[in-house]
Trainee: 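I have a structure here, written as structure tokens, and I will follow up with some questions on it.
Nothing fancy with the numbering, it's 1 onward along the sequence.
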Amino acid sequence: MRIAQVMAGAPIGGAEAFFERATIALHHAGDVVLPIIRRDAGRAVRLRDAGLPPVELGFGGALDLLTRPRLRRALQDFKPDLVMAWMQRAARFTPAGPWVLVGRFGGYYDVKYFRHCDHLVANTHDLVRAITAAPWPAARVHYLPNFVEDFAGSAPADLPAASNAPRLLAMGRLHANKGFDVLLRAIALLPRGHVYLAGAGPEEAALRALAAELGITARVSFLGWRRDIGALLAAADIFICSSRHEPLGNIVLEAWSAAKPVIAAAAQGPSELINDGTDGVLVPREDAAALAAAIAALAENPDRTAAIAAAGRAHFVSTFAEAPVIARWRRLLAELTPAGRA
């Protein structure tokens with residue numbers, strides 16, 4: 001199958017990282033894949049290193065008059081069976097044509113940007129329900145999960161020394177949606193625990209100020225944006241996802257792959273992924289006291305912590321590892337093409 005993958009997103013982000021993983025995995029599985037990306041040197045190098053030289057376009061604002069014709073020409077030259085447009089900006093630019101056009105949802109986007117698509121795919125069942133209610137024909141929206149890299153066996157990172165245990169890892173863009181302020185307030189309620197916060201973003205100054213205000217500066221390490229996710233997970237005792245808003249939660253899947261126990265705020269994605277008390281622990285959003293209690297409960301019960309970590313790893317292997325997910329992707333994408341429907 002010939003597949004064009006169109007990504008107009010930012011240099012960093014969960015959807016953008018998964019675009020790279022999925023594109024490379026489809027290529028390795030035997031499909032002929034053309035990545036078309038918003039100009040980004042790092043992404044282009046990673047794709048070229050995988051044997052997938054991308055088409056790089058501007059994907060700019062209203063004054064960008066070049067991307068649409070250049071994108072159409074690239075697609076006409078490639079002659080794909082299927083084109084997948086990732087998120088709103090890519091969908092706005094990607095034309096309909098003699099190919100099956102699929103819009104890929106990784107969040108609660110406005111369906112109006114995807115009206116010219118033949119099908120939509122979403123990475124959670126809740127997103128499928130939201131798209132159908134938009135409304136969108138139920139027969140033309142499909143669930144396709146994400147996969148993440150398997151971080152089992154990674155060597156641990158050399159982290160700044162913890163002022164006290166346990167080592168609590170949180171990762172993501174430093175944005176209000178991620179609820180890192182709630183995590184800091186939870187730590188302030190506990191006598192023990194050191195937070196390693198891997199990420200960058202507009203809330204960094206406010207989070208540093210909050211740590212100082214709460215008197216926990218010595219118990220929080222700001223690591224900046226990191227790509228060594230496996231090493232960070234290997235060095236941690238417990239992974240925390242404190243998000244107020246999290247459509248999926250790739251970070252939960254990554255922690256599961258590394259067999260780390262997960263405590264998550266009950267946002268949309270983690271609530272769908274986690275079987276509370278079995279392969280993770282869910283706490284109410286915005287509730288620092290509940291988060292603190294959950295951290296203390298795991299820290300004080302190693303056997304329960306180990307059982308939750310093992311169950312998370314098993315869930316990852318069966319459902320969210322690369323092999324089962326890419327097999328599912330390839331089956332569905334083939335079915336959506338005229339040859340697959342014949």
Trainee: What pair of heavy atoms forms the shortest contact from A44 to E56, and how long is it?
Mentor: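 The pair with the smallest heavy-atom distance is CB-OE2, 3.6 Å.
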
Trainee: Kindly indicate, with the supporting measurements, whether the criterion side chain to side chain contact (heavy atoms under 4.5 Å, CB included) is fulfilled by L197 and L174.
Mentor: CA-CA 9 Å; L197 187 50; L174 303 187; 4.0 Å; yes

Trainee: Quick one: salt bridge (charged side-chain N to carboxylate O under 4.0 Å, His left out) pairs with a partner in residues 23-36, sequence neighbours left out?
Mentor: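 Salt bridge (charged side-chain N to carboxylate O under 4.0 Å, His left out) check on residues 23-36 returns D31-R330.
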
Trainee: Please report, to 0.1 Å, the donor-acceptor pairs under 3.5 Å made by any side chain of residues 121-130, with sequence neighbours excluded.
Mentor:
residue : atom : partner : partner atom : Å
N123    : ND2  : N146    : OD1          : 3.4
T124    : OG1  : L127    : N            : 3.0
D126    : OD1  : R129    : NH2          : 3.4
D126    : OD2  : Y108    : OH           : 2.4

Trainee: Kindly compute the distance separating CZ (R115) from CG (L120), expressed to the nearest 0.5 Å.
Mentor: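 If we round to the nearest 0.5 Å, R115:CZ and L120:CG are 9.0 Å apart.
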
Trainee: Can you tell me which residue pairs pass the side-chain hydrogen bond (donor to acceptor under 3.5 Å, both in side chains) test with a partner in residues 74-90, sequence neighbours excluded?
Mentor: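 Passing the test, one end in residues 74-90: Q5-W86.
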
Trainee: Is any side-chain heavy atom of L291 less than 4.5 Å from a side-chain heavy atom of I240?
Mentor: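 They are in contact (side-chain heavy atoms under 4.5 Å apart), so the answer is yes.
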
Trainee: Any side-chain heavy atom of L190 within less than 4.5 Å of one from R219?
Mentor: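 Sidechains of R219 and L190: in contact.
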
Trainee: Where the side chain of N301 meets the backbone of R304, is there a donor-acceptor pair that is under 3.5 Å apart?
Mentor: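 It does hold such a pair.
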
Trainee: I'd like to know if the side chain of Y113 reaches the main chain of M87, judged simply by a donor and an acceptor atom lying under 3.5 Å from each other, with no hydrogens or angles considered.
Mentor: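 No.
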
Trainee: With no hydrogens and no angle check, is any side-chain donor or acceptor of E246 less than 3.5 Å from a backbone partner on A267?
Mentor: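 No.
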
Trainee: Is it possible for you to say whether L159 and M171 belong to one hydrophobic cluster, with membership spreading through side-chain heavy-atom contacts below 4.5 Å?
Mentor: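 Linked, L159 and M171 end up in one cluster.
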
Trainee: Could you name each residue pair satisfying side-chain hydrogen bond (donor to acceptor under 3.5 Å, both in side chains) that touches residues 32-47, not counting sequence neighbours?
Mentor: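 Every side-chain hydrogen bond (donor to acceptor under 3.5 Å, both in side chains) pair that includes a residue of residues 32-47, provided the two are not neighbours, is E20-R43, E20-R46.
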
Trainee: Are F19 and I37 packed together at the side-chain level, in the sense that at least one heavy-atom pair is separated by less than 4.5 angstrom?
Mentor: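 Sidechains of I37 and F19: in contact.
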
Trainee: So, taking the atom named CZ in R92 and the one named CZ in F114, what distance separates them when rounded to the nearest 0.5 Å?
Mentor: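 CZ of F114 is found 9.5 Å from CZ of R92.
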
Trainee: Would you say P95 and L75 make side-chain contact, with heavy atoms under 4.5 Å?
Mentor: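 Heavy-atom side-chain distance check passes, below 4.5 Å.
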
Trainee: Locate the shortest heavy-atom distance separating T132 from A138; write the atom from each residue and the value.
Mentor: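 Of all heavy-atom pairs spanning T132 and A138, the closest is CG2-CB, 4.0 Å.
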
Trainee: Going by salt bridge (charged side-chain N to carboxylate O under 4.0 Å, His left out), name the residues that satisfy it together with E254, two or more places apart in sequence or in a different chain.
Mentor: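 E254 satisfies salt bridge (charged side-chain N to carboxylate O under 4.0 Å, His left out) with no other residue.
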
Trainee: Can you measure from NZ (K178) to CD1 (I251) and round to the nearest 0.5 angstrom?
Mentor: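 Answer rounded to 0.5 Å: 5.5 Å.
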
Trainee: Can you find a heavy atom in the side chain of I295 that is under 4.5 Å from one in the side chain of I187?
Mentor: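 Of all side-chain heavy-atom pairs linking I187 with I295, at least one is under 4.5 Å.
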
Trainee: Evaluate the side-chain proximity of R285 to S243: yes if any heavy-atom separation is below 4.5 Å, no if none is.
Mentor: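 In short, these two side chains do not touch, never coming nearer than 4.5 Å.
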
Trainee: Would you say L101 ends up clustered with W136 if hydrophobic residues are merged whenever their side chains have heavy atoms under 4.5 Å apart, either directly or through other cluster members?
Mentor: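 No: no chain of side-chain contacts under 4.5 Å links W136 to L101.
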
Trainee: Following the transitive rule for hydrophobic clusters with a side-chain heavy-atom cut-off under 4.5 Å over Ile, Leu, Val, Met, Phe, Trp and Tyr, establish whether I326 and L34 coincide in one cluster.
Mentor: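 No, because I326 and L34 fall into different hydrophobic clusters, even though each may have its own neighbours under 4.5 Å.
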
Trainee: Return the set of residues passing side-chain contact (heavy atoms from CB on, under 4.5 Å) with V325 (not counting sequence neighbours), or none when no residue passes.
Mentor: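 side-chain contact (heavy atoms from CB on, under 4.5 Å) check on V325 returns P145, F147, W329.
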
Trainee: Report the distance from atom CG of L57 to atom CE of M7, rounding to the nearest 0.5 Å.
Mentor: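 Rounded to the nearest 0.5 Å, the CG-CE separation comes to 14.0 Å.
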
Trainee: E286: which residues meet the salt bridge (charged side-chain N to carboxylate O under 4.0 Å, His left out) condition with it, sequence neighbours left out?
Mentor: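 Partners of E286 under the salt bridge (charged side-chain N to carboxylate O under 4.0 Å, His left out) test: R244.
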
Trainee: If you look only at pairs with a residue in residues 134-151, which of them pass as a salt bridge (charged side-chain N to carboxylate O under 4.0 Å, His left out), with sequence neighbours excluded?
Mentor: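 Salt bridge (charged side-chain N to carboxylate O under 4.0 Å, His left out) check on residues 134-151 returns D150-R313.
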
Trainee: Locate the shortest heavy-atom distance separating T337 from A334; write the atom from each residue and the value.
Mentor: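 Heavy atoms of T337 and A334 come nearest at OG1-O, 2.7 Å.
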
Trainee: Are W256 and I274 close enough that some pair of their side-chain heavy atoms sits under 4.5 Å apart?
Mentor: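 Yes - at least one pair of side-chain heavy atoms lies under 4.5 Å apart.
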
Trainee: Between the side chain of T319 and the main-chain N/O of F316, is any donor-acceptor distance below 3.5 Å?
Mentor: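 Flag not set: sc T319 to bb F316 has no pair under 3.5 Å.
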
Trainee: Please say yes or no: joined through hydrophobic side-chain contacts below 4.5 Å, possibly via intermediate residues, are L248 and L144 part of one cluster?
Mentor: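 Yes, L248 connects to L144 through the hydrophobic network.
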
Trainee: Between V195 and F180, does a side chain to side chain contact (heavy atoms under 4.5 Å, CB included) hold up when you go through it step by step?
Mentor: CA-CA 10 Å; V195 174; F180 294 132; over 6 Å; no

Trainee: More than 12 non-hydrogen atoms from neighbouring residues, nucleotides or ligands closer than 6.0 Å to CZ on R48, yes or no?
Mentor: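 Yes, enclosed.
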
Trainee: Show me the pairs that pass side-chain hydrogen bond (donor to acceptor under 3.5 Å, both in side chains) and involve residues 206-217, at least two apart or across chains.
Mentor: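 Applying side-chain hydrogen bond (donor to acceptor under 3.5 Å, both in side chains) to every pair that reaches into residues 206-217, excluding sequence neighbours, yields E204-R208.
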
Trainee: With A236, which residues qualify under side-chain contact (heavy atoms from CB on, under 4.5 Å), at least two apart?
Mentor: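 Once residues adjacent in sequence are excluded, the partners of A236 under the side-chain contact (heavy atoms from CB on, under 4.5 Å) criterion are L169.
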
Trainee: Are the side chains of M84 and L333 in touch, meaning some heavy atoms are under 4.5 Å apart?
Mentor: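 Yes, their side chains come closer than 4.5 Å.
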
Trainee: Working note: L336 + H142, criterion side chain to side chain contact (heavy atoms under 4.5 Å, CB included); need CA distance, chi angles, decisive distance, verdict.
Mentor: CA-CA 10 Å; L336 298 184; H142 314 273; 3.7 Å; yes

Trainee: Residues two or more places apart in sequence or in another chain: which of them pass side-chain contact (heavy atoms from CB on, under 4.5 Å) with R226?
Mentor: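 Partners of R226 under the side-chain contact (heavy atoms from CB on, under 4.5 Å) test: A157, A198, L223, D228, L232.
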
Trainee: Identify the heavy atoms of P284 and A290 that sit nearest to each other, and give their distance.
Mentor: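 P284 and A290 have their closest heavy atoms at CD-CB, 3.8 Å.
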
Trainee: Considering all heavy atoms of both residues, which atom of L184 and which atom of L207 are nearest to each other, and what is their separation?
Mentor: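 Smallest interatomic distance, heavy atoms only, reads CD1-O, 3.5 Å.
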
Trainee: Nearest 0.5 Å please: distance from the CG atom of L183 over to the SG atom of C241.
Mentor: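 The CG atom of L183 sits 10.5 Å away from the SG atom of C241.
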
Trainee: Please report the closest heavy-atom contact between V220 and A211, naming both atoms and the distance.
Mentor: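 Minimum heavy-atom separation between V220 and A211: CG2-CB, 4.4 Å.
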
Trainee: Applying the 4.5 Å side-chain criterion to the ILVMFWY set and letting contacts propagate, would I308 and V283 be lumped into a single cluster?
Mentor: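 Yes, one cluster joins them.
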
Trainee: Rounded to the nearest 0.5 Å, what separation is found between the CZ atom of R185 and the OG atom of S242?
Mentor: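 With rounding to 0.5 Å, CZ (R185) is 12.5 Å from OG (S242).
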
Trainee: Provide the full list of ring-ring contact (aromatic ring centres under 6.0 Å, His included) pairs with a residue in residues 20-63, sequence neighbours left out, each pair given once.
Mentor: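 Pairs touching residues 20-63 that pass the test: F59-F93.
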
